[in-house]
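Lettering of chains follows the sequences in order, A, B, ..., and the numbering in each one begins at 1.
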Amino acid sequence: MLELLEALLFSTLDAAPALIFAALGGVLSERAGVVNVGLEGQMRVGAFCAAVAALSMPTPLAVLVGMVAGAALASVHGYLSIRWRSDQVVSGMAINLVAMAGGTFLLEALYSPNGTPPIAQLPRWSLPGLAEVPLLRALSNHPSLAYLALLLPFVFHAVLHHTPVGLRLRAVGEKPHAVATLGLSVAALRWGAVVGGGLLAGLGGAVLSTAVLDRFEQHTPAGLGFMALAAVVFGRWTPLGAFAAALFFSFGNALRIGLASSAPGLLDVIPQGFLLALPYLLTLILLAVQGQRSSAPAALGTPYEQESR
Amino acid sequence: MGERWRSAVPSLLSVALALGVCWVAIALTRDAEVAGEAYLQMLYGGLGQWPRFLETGDVGTLTRPLGEAAIKAAILLLTGLSVAVAFKAGLFNIGAQGQMLLGALMAALAGAHLSLPSVLHVPVALLAAAVAGAAWALIAAALKLMRGVHEVISTIMLNWVAVSLVDNWLAVGPLRASVSGGHSISGTAEILPSAQLPRMLGDLSRLNLGFVLALLIALLVWVGLFRTRRGFEIRAAGLGAEAARTAGIAVKQRTAEAMGLAGALAGLAGALLVLGTEFRYPGSLGAPYGFDGIAIALIGNSHPVGVTLSALFFGILRAGGTRMQLLGVHKSFPELIQGLALLFVAGRLVWLTLLRKRRAVAASTEVPRA
Amino acid sequence: MSLEIRAGELLALVGENGAGKSSLMNVLYGLYHPDAGDILLDGKPVRFKSPRDAIARGIGMVHQHFMLVPTLTVAENVVLGREPSRWGRMDPERACAEVAATCQRFGFQLDPRARVDSLTVGSQQKVEIVKALHRGAKVLILDEPTAVLTPQESDDLFRVARGLAAQGHTVVFISHKLREVLSVAERIAVMRRGKLVAEVKAAETSASVLANLMVGEGRTGTSVSEPYHPPTGGVVLSVEGLTARTGEGRPALQGVTLEVHTGEIVGIAGVDGNGQSELAEVLTGLRPIEGGQGTLLGGPLRHLTPAEARRRGVGHIPEDRLRRAVVKGMSVEENVSLGRQDQPPFTRGLWLDFAGRRERTRALLAAYDVRPQDPQVAIQGLSGGNQQKVVVARELDTRPKLVVAVQPTRGLDISAVAQVQARLREERALGAGVLLISLDLEEVLALSDRVYVLFEGRVTGTFTRPEFDEQEMGRRMMGADHG
Amino acid sequence: KKEQPAAPAPAAGQQQAQGQAAPPAAKTRKVGLITDVGGRGDNSFNDAGLRGLELWASGKKYEGGKYVTASPEDIQKTLTPDLRALQSPIAPQPIEPLVIQSKSPEDYEPNLQLLVDQGADLSVGNGFMLETAVETVAKRNPSSQFLLIDSPLLDAAAGNKPYTLPNVRTVTFKEHEGSFLVGALAGLVTKTGKVGFVGGMEVPLIKRFEAGYRAGVKATQPKASETLLAVYSGSFDNVAAGKQVAQDLISKGADVIYHAAGADGLGVIKAVEEARAAGKSVYAIGVDSDQSHLAPEAVLTSMLKHVDLAVYEAAKDLAAGKFTSGDRVLGLKEGGVGYAEVRVDFPGKAEALQKVEALRQRIVSGDLKVPASVDEVSSFQVTP
Ligand SMILES: Nc1ncnc2c1ncn2[C@@H]1O[C@H](COP(=O)(O)OP(=O)(O)OP(=O)(O)O)[C@@H](O)[C@H]1O
Ligand SMILES: Nc1ncnc2c1ncn2[C@@H]1O[C@H](COP(=O)(O)OP(=O)(O)OP(=O)(O)O)[C@@H](O)[C@H]1O
Ligand SMILES: [Mg+2]
Ligand SMILES: [Mg+2]
């Protein structure tokens with residue numbers, strides 16, 4: 001039983017980091033009032049650029065490149081939605097589509113449709129104290145970024161609630177006009193959040209190609225960005241909530257896989273497809289039970305216009 | 001009317017610019033000649049191979065590409081309308097994909113397991129698909145209206161549930177076609193000939209009644225939204241829910257109706273695929289038509305006329321895009337063009353500003369008004 | 001235009017809606033940028049790139065519409081942008097202390113830890129002022145600060161304003177209420193169509209002179225002293241012991257009993273937030289009742305829906321125009337048909353009747369002098385006042401038997417106010433019962449035949465026209481004779 | 001589809017094909033191939049078909065949208081030992097490849113038709129999903145030749161009974177036989193006595209891999225077949241999902257994991273590689289092609305399914321004017337399936353390979369019949 005739990009925990013923690021980073025990116029952007037349905041695309045370019053960069057530089061540095069790439073794509077979204085007050089959903093969907101098709105195209109043009117050549121994977125850290133402790137063992141032997149993913153939500157939470165910039169961020173997502181009349185720049189705050197969100201989503205993507213895998217594979221991130229978006233909403237736009245949601249999704253998936261292998265007889269009763277649907281069904285049920293009313297930032301999705309009051 | 005046309009200008013310019021950018025991309029990775037040739041091939045593939053036709057007189061060289069473009073356009077039109085109708089009611093339907101899946105499955109079942117005369121069988125199968133799609137969409141609507149769950153997240157979840165249940169279970173398990181000798185077969189049992197959408201040009205093209213049906217449905221949606229009381233109420237509920245409620249409109253009901261309609265439209269898209277070309281639920285629905293619907297709707301300004309034009313254009317592009325591969329041009333170009341076009345549409349205000357500047361210059365020569 | 005503001009004075013800025021008062025002040029505050037011309041501060045030209053510059057030069061502004069973040073606390077709202085922090089970490093204790101100090105210095109009673117959305121409108125207004133003062137404002141601009149305040153709260157506010165002026169602050173305030181302008185301001189500037197048309201000393205002018213200046217020659221909007229109109233017929237509305245809750249679940253109405261008859265205007269006076277909004281919502285089917293009973297136009301009040309209310313003959317002029325009354329994104333004619341989309345001339349069977357709709361809209365736009373008179377323009381292209389006229393036109397066009405009018409003249413200019421008030425009287429003459437809910441006591445007094453005073457969800461006073469006693473009403477509105 | 005084609009058609013068709021094919025020496029013939037929705041770059045099935053056509057049959061490499069001539073070494077590198085031992089060595093033919101990737105199921109038919117229109121003498125439908133499309137287009141174009149991989153033609157009107165067309169060759173594989181051998185090897189290699197299987201989507205084709213594998217394990221390690229863990233990742237295009245499933249199996253003690261999961265399988269191999277890095281002794285078994293290059297240390301062997309060879313041979317036959325229609329079922333005996341060279345070392349390797357070879361001989365000789373469905377595995381017995 002303990003072993004089962006341990007395996008479940010390990011599997012959850014191993015799959016969660018990319019989702020956590022991307023979800024945090026979503027929270028950052030959306031707390032400032034900019035809807036970010038483009039997480040999937042930002043993850044994709046992050047994954048791609050990190051893998052490409054890792055071919056010619058140390059992998060940790062390449063991860064930074066991936067982050068910058070995510071931020072660059074997010075900037076397109078920012079430019080359209082902040083500077084030009086475009087519909088944020090439209091420009092988010094658009095960068096997804098472009099990243100999807102463009103990624104496949106570039107991959108094939110530069111390398112081969114099979115993916116980039118293999119790169120040096122990020123090392124895994126074994127935590128000396130834990131390696132022998134049952135259950136807690138599961139916390140050891142994850143890629144370095146996984147530990148960052150466990151830490152970052154708390155840092156983000158602290159920043160959001162205990163620093164000036166966090167206060168301004170919360171304010172600009174609720175009532176940008178209030179922020180503007182105090183002489184702060186709404187655009188600058190939102191730009192910061194969108195670019196920061198892009199950095200995080202790019203990091204999430206980079207995790208996929210440098211830690212989960214050792215190359216960019218043509219299907220990356222296979223819907224994970226939309227999952228992250230769901231985690232943002234499920235987590236009620238808070239860093240810790242999104243973190244919990246991301247862990248929940250990963251856990252649901254790990255549980256599904258674990259169930260299939262630890263109780264083979266189960267599969268004769270419950271079809272695999274049903275188990276596959278389980279995490280999503282659970283999410284739906286939980287959402288239905290908890291209700292979702294009015295937790296979104298008030299100004300989410302509304303472009304800031306000085307004249308409108 | 002002038003105003004309406006002017007609002008289409010950004011979309012038109014966006015599509016043109018996207019075509020231009022992709023042309024440059026091909027020209028840079030290959031050369032200009034290939035780029036030009038590729039676009040020509042795309043036209044052949046989408047609108048018919050006219051030179052070959054004039055040379056050989058083979059009608060198939062015209063009708064086949066046109067038929068393929070029409071088939072794709074019809075499906076895109078229905079998923080695009082699905083997204084657009086939901087938009088009109090203030091909902092963002094990311095779930096067209098899942099609704100389409102369910103629709104396709106039900107059409108396949110009704111087509112295979114009912115035996116009816118053709119005049120009844122096709123409508124019944126279509127109806128089954130519409131009902132299935134609507135039911136799937138109404139789950140999201142119920143969650144939103146009763147529990148306040150945002151439809152974006154619930155439809156994303158429902159998409160995954162649909163794929164898991166249908167593609168990973170029903171289509172490969174209980175509903176799989178029976179085959180003798182352990183051979184693999186993709187998907188459910190083949191539908192009866194009576195349930196097939198009639199081909200309009202016989203063997204000259206796969207063009208079927210589905211295309212006409214889709215256009216007709218677009219017309220109905222347009223009339224419904226803009227010419228009827230119900231449509232007016234749906235739009236009012238979408239644009240200003242509180243005001244609509246104050247005015248005595250049953251907002252929740254209208255929202256649910258719109259979402260149901262959106263689901264039905266997506267379900268019909270699935271039915272067109274099954275009854276028109278695949279004749280069975282093909283194991284998994286490869287192309288993400290449901291997601292494409294979002295782009296189609298947005299580029300078409302969420303207006304039935306705009307959606308129709310945008311679906312026709314991208315139908316042609318998609319059908320013709322295959323031929324670009326003949327020149328070694330990458331298979332993802334049609335999607336790239338679509339994505340870029342949406343990106344440029346997102347910059348609608350940039351276009352409008354540019355255009356207004358020009359108009360302002362023109363206007364300044366007029367006599368100033370009092 | 002040019003305007004001079006002197007140090008330490010109390011200057012009032014008046015003008016019709018859209019005269020440019022807010023725009024001018026926003027320019028002063030650095031939010032808008034002048035196309036031409038200069039701002040001179042202490043005789044030297046300054047250029048404000050953003051409010052930050054204006055704040056740095058000691059200019060503070062309280063905007064016409066609240067600029068508060070409802071989910072943050074008072075302290076957070078006040079210190080936003082100049083947060084006290086240590087090593088990058090915000091210091092909430094110091095923030096609260098600082099804000100408390102500012103409040104104390106200027107005599108405001110505010111809890112720095114309270115969330116803004118839990119405060120009354122009056123308190124929120126104070127937070128706005130504290131925000132400006134906290135930044136060391138020497139020049140304080142108040143844009144229509146009393147629009148949502150009770151007379152008592154307004155008096156409070158002006159006491160503070162005078163105090164500030166006495167301490168050497170300059171206060172500029174914008175108002176449509178000529179009486180308070182005359183009593184508070186030292187100097188009055190009048191704007192019309194983006195131009196300064198007059199500057200007068202308060203002591204040397206009168207309301208009618210100001211009104212003339214604002215509106216231009218030949219148009220006046222003085223209110224005539226009304227005769228009493230006794231009810232002409234039966235009861236259209238009667239409620240007894242009505243209770244209801246707010247959206248957040250707090251008790252809003254706690255046993256309201258009142259009646260409206262055919263042919264009378266019944267006013268509801270009260271300070272904002274004492275149940276008026278909920279009363280209107282209950283009567284129009286927007287909010288369920290909890291207890292008590294009522295009859296509305298011959299039917300029960302329980303389980304009333306907006307559609308049913310309309311069917312029985314209720315006309316509703318909602319208080320929140322942009323949210324409740326018009327649908328942005330639709331044309332004027334579509335908005336005119338809203339709520340009547342299923343009746344001729346707006347419909348024929350299941351189909352919309354475009355020709356009928358346009359014709360009726362044209363007629364209404366002409367009758368109410370809405371500008372522009374184009375049925376096809378988008379409603380958001382109209383000014384606020386013209387939007388309101390469209391709403392009034394639509395609601396009264398149905399020949400309602402009961403009109404529930406909430407703040408029907410809010411934000412309208414003098415001539416428009418006069419027009420809307422005339423229409424309401426006309427409805428009375430035509431035999432409708434009118435329930436007028438307004439925060440503007442002056443308006444309630446001007447129109448009503450009977451007045452109920454509402455305080456904390458209870459009726460605390462009933463008055464009939466001959467015996468209107470403004471002082472007594474004010475006391476009842478503050479709950480003076482009540483627990 | 002209406003009814004079975006008229007009886008005399010096969011002969012006529014063949015004659016016609018042959019008549020056409022009578023080649024003036026080096027006349028270049030066009031051979032087209034339609035991938036299924038997996039497309040180029042799937043590292044398994046489609047790539048195998050493309051290798052057979054592009055690299056082997058026409059001696060060309062696909063690079064950045066263009067074909068460049070491949071060197072003989074390029075070709076040699078891709079040949080597994082069994083192919084190097086072929087009687088007639090694999091060598092480029094006068095063939096011009098024409099490849100179209102399908103993006104959705106309804107594209108199969110028009111894409112095939114496009115190949116015909118572009119003058120392809122032979123068109124390959126790569127994958128059982130193209131069955132209906134090949135059927136339709138072949139009937140419409142009786143003078144063109146077709147090759148369908150992984151499925152016979154099925155007559156939907158007659159309860160999906162296999163039938164033939166005069167211009168269609170179909171090739172199916174006995175994946176269970178190849179899977180049997182890697183399963184047998186897995187049974188011999190496992191130290192924990194637990195082995196795993198990761199499938200992609202739970203479709204009948206993949207079930208056949210599972211069945212053979214189970215039987216193979218049973219043949220050499222009956223106990224391990226009781227505890228065999230078979231899990232389906234639910235997709236063919238989600239590397240992370242495959243990795244997670246494999247990690248789970250490893251944590252449950254499985255030390256040899258066979259995958260038949262497309263791109264998800266890359267994740268399986270990745271998980272094994274990482275587990276090895278963490279000090280566990282685990283192996284992965286690849287599928288379709290030799291996947292050793294993905295992780296030389298971690299891949300024990302790969303079950304080979306020579307889609308490449310099937311395509312190559314059809315093209316070669318066409319070039320030589322010998323293309324014939326009909327169904328071909330390729331098993332161990334025919335060299336259609338097998339397993340890749342075992343490059344890793346483990347104790348008792350030689351002995352284990354001997355045992356596996358022996359089993360292969362028995363299957364080839366018909367002495368041993370491998371079950372093709374999971375249900376039959378329980379009653380399957382290997383008589384020594
Ligand atoms: N975005 C815009 N672009 C161009 N004109 C606009 C825009 N918004 C408003 N207007 C115009 O500005 C005018 C005034 O609008 P506003 O709502 O500020 O009126 P107002 O001055 O407050 O008038 P009222 O007294 O009726 O409330 C209207 O005539 C409207 O057409
Ligand atoms: N950015 C802008 N661009 C164009 N017109 C504007 C802009 N801002 C305001 N206006 C117009 O300038 C005029 C003055 O508006 P302003 O808000 O200053 O009026 P106001 O005197 O404060 O009216 P109110 O009493 O309704 O507050 C209005 O007609 C408004 O539409
Ligand atoms: Mg105004
Ligand atoms: Mg103003």
Side-chain angles (χ1 to χ4, degrees), chain A residues 3-4 6-12 14-15 18-19 104-105 107-115 118 121 123-124 126 131 138 140-141 143 207-209 211-224 250 253-262 264 267 271-273 275-277, chain D residues 35 38-44 46-47 50 61-65 101 194 196-199 201-202 226-254 262-264 266-267 269-271 273-275 277-279 293-295:
Chain A
E3 255 165 50
L4 232 64
E6 187 182 311
L8 214 57
L9 187 60
F10 183 87
S11 181
T12 305
D14 214 57
L19 191 55
T104 322
F105 168 64
L107 179 67
E108 191 162 325
L110 299 178
Y111 304 99
S112 105
N114 303 57
Q121 222 175 334
R124 287 176 171 259
S126 64
S140 180
N141 202 28
V207 168
L208 291 176
S209 58
V212 174
L213 219 63
D214 60 352
R215 71 195 71 194
F216 176 81
E217 195 274 333
Q218 60 171 337
H219 301 288
T220 313
L224 213 57
S250 304
N253 212 28
L255 183 69
R256 193 263 303 174
I257 291 165
L259 270 182
S261 66
S262 44
L267 296 185
Q272 286 262 12
L275 282 184
L276 265 177
Chain D
T35 70
R40 198 187 278 279
D42 68 351
N43 276 309
S44 71
N46 285 304
D47 280 354
L50 291 168
K61 275 193 301 188
Y62 180 80
E63 272 175 8
Q101 305 187 60
K194 246 189 187 176
F197 172 80
V198 178
M201 289 170 84
E202 207 175 356
E226 307 277 300
T227 56
L228 188 143
L229 299 170
V231 179
Y232 286 78
S233 58
S235 53
F236 289 114
D237 61 0
N238 190 340
V239 185
K243 186 181 173 191
Q244 218 178 351
V245 170
Q247 278 176 339
D248 173 63
L249 294 184
I250 293 167
S251 78
K252 301 269 157 64
D264 294 33
L266 304 182
I269 293 173
K270 193 75 229 161
E273 200 183 0
E274 284 180 8
H293 66 279
L294 291 172

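For the set D/Asp47, D/Asp248, D/Val231, D/Asn238, the count of heavy-atom pairs under 4.5 angstrom toward chain A peaks at D/Asp248. Taking D/Ala254, D/Ala241, D/Ser235, D/Ser233 one by one and counting their heavy-atom pairs under 4.5 Å with chain A, the maximum is reached by D/Ser233.
Contacts between A/Ser11 and chain D at a heavy-atom distance below 4.5 Å involve backbone atoms as well as side-chain atoms. Of the two parts of D/Thr227, neither the backbone nor the side chain holds a non-hydrogen atom closer than 4.5 Å to a non-hydrogen atom of chain A. Heavy-atom distances place no part of D/Ile250 under 4.5 Å from chain A, backbone and side chain included. Looking at A/Ala18, neither its backbone nor its side chain comes within 4.5 Å of chain D, counting heavy atoms on both sides. Contact of A/Gln272 with chain D is made through backbone and side chain together, with heavy-atom distances under 4.5 Å. Using a 4.5 Å cut-off between heavy atoms, D/Ala230 touches chain A through its backbone atoms (N, CA, C, O) alone. Neither the backbone nor the side chain of A/Leu107 comes within contact range of chain D; no heavy atoms are under 4.5 Å apart. For A/Gln218, the part sitting under 4.5 Å from any heavy atom of chain D is the side chain, from C-beta outward, and nothing else. Using a 4.5 Å cut-off between heavy atoms, A/Glu6 does not touch chain D at all. Residue D/Glu274 touches chain A through its side chain alone, counting heavy-atom pairs closer than 4.5 Å. Heavy atoms closer than 4.5 Å to chain D are found in the backbone of A/Ser250, but not in its side chain. Using a 4.5 Å cut-off between heavy atoms, D/Gln244 contacts chain A through both its backbone and its side chain.
Contact of the D/Lys270 side chain with the A/Asp214 side chain is registered, since non-hydrogen atoms from C-beta on lie closer than 4.5 Å. The side-chain heavy atoms of A/Val212 and D/Lys243, taken from C-beta on, include a pair separated by under 4.5 Å. Residues D/Leu50 and D/Tyr62 form no side-chain contact, since every pair of their non-hydrogen atoms from C-beta on lies 4.5 Å or further apart. Using a 4.5 Å heavy-atom threshold, the side chains of D/Val198 and D/Asp264 count as separate. Side chains of A/Leu213 and A/Leu208 form no contact here, defined as non-hydrogen atoms less than 4.5 Å apart.
Atoms CG and CG, on A/Leu4 and A/Leu8 in that order, are 7.0 Å from each other to the nearest 0.5 Å.
Scanning all heavy atoms of the two residues, the minimum distance from D/Leu294 to A/Arg215 falls at CD2-NH1, 3.5 Å.
With hydrogens and angles ignored, the 3.5 Å screen pairs a side-chain donor or acceptor of A/Arg124 with a backbone N or O of A/Asn141. Judged by distance alone, the side chain of D/Glu202 and the main-chain N or O of A/Gly273 form no donor-acceptor pair under 3.5 Å.
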